[in-house]
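A quick write-up on the structure given underneath.
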Amino acid sequence: MWRYLAGAGGTLLLVVAGLFLFRGSASTEARLPPVPKGAIASEAEQDLPAEPPSAAAKTREQKRFDRLDKDKNDSIARDEFFALRRKLFAKLDTDRDGKLSFEEWSIKAVERFAGADKDKSGTLTRAEFATTAVKRAAKPRCVCAPAKAQTPAAPRQEADDNEG
């Protein structure tokens, strides 16, 4: 029991010490260098509009509607609505009889089983089953160049010479 009390007390002590350290390390001084006195926006920047131009934003439903409305008459006919489903059904209906058998519906699984069953025994051994695991694509690693240490820029002499 005393171990739990000591652990709780130690945890509380660490939290309080962390709060004091966190508040003590916050500084009020500005971390950015001051703006140079001669820094004036160029004429090209002054001619730019206040807001960038933007295209009319379509909602998700408007985009979905436009994808289905093939003849662009602002209405979706029954044939337009079911066109994609008909294409997908026709792709699965390999014998073109208008009906999906179990083998047609599960063609990828049937092909995967047939490809894994190397000895054509109709059963999968442990080694054969291991080949059916989904192979995930590796996440691409960051190809960014390593960050260079930035040094503060020296103030320009020309700006100081022109002022005086």
Residues Asp119 and Glu128: closest non-hydrogen pair is OD1-OE2, 3.2 Å
Would you find a donor on one side and an acceptor on the other, under 3.5 Å apart, between the side chain of Glu103 and the backbone of Val110? no
Can you give me the closest heavy-atom contact between Ala116 and Thr131, atom names plus distance? CB-OG1, 3.6 Å
Let me confirm one number: the CG-CG distance from Leu84 to Leu88, rounded to the nearest 0.5 Å. 4.5 Å
Distance-minimising heavy-atom pair for Lys70 and Glu80: N-OE2, 3.3 Å
Minimum heavy-atom distance Asp74-Asp69, with the two atoms named: N-OD2, 2.9 Å
Mark yes or no for whether Lys120, through its side chain, and Ala114, through its backbone, hold a donor-acceptor pair below 3.5 Å. yes
Which distance, rounded to the nearest 0.5 Å, do you find between the CH2 of Trp105 and the CG of Leu100? 10.0 Å
Rounded distance [0.5 Å steps], CZ in Phe102 versus CD1 in Ile107: 10.5 Å
Would you kindly confirm whether Phe89 and Phe82 end up in one hydrophobic cluster when ILVMFWY residues are joined by side chain heavy atoms under 4.5 Å apart? no
For the hydrophobic clusters of this structure (ILVMFWY residues joined by side-chain heavy atoms under 4.5 Å, transitively), does one cluster hold both Phe65 and Leu68? yes
Any donor and acceptor pair, going by atom type alone, linking the side chain of Arg96 with main-chain N or O of Ala90 inside 3.5 Å? yes
Spell out, as yes or no, whether a donor-acceptor pair under 3.5 Å connects the side chain of Lys58 to the backbone of Arg64. no
Tightest non-hydrogen contact, residues Arg86 and Asp79, listed as NH2-OD1, 4.3 Å
Salt bridge Glu111-Lys108, side-chain N to carboxylate O under 4.0 Å: no
Give the minimum heavy-atom separation between Lys99 and Asp93, together with the two atoms involved. O-OD1, 3.1 Å
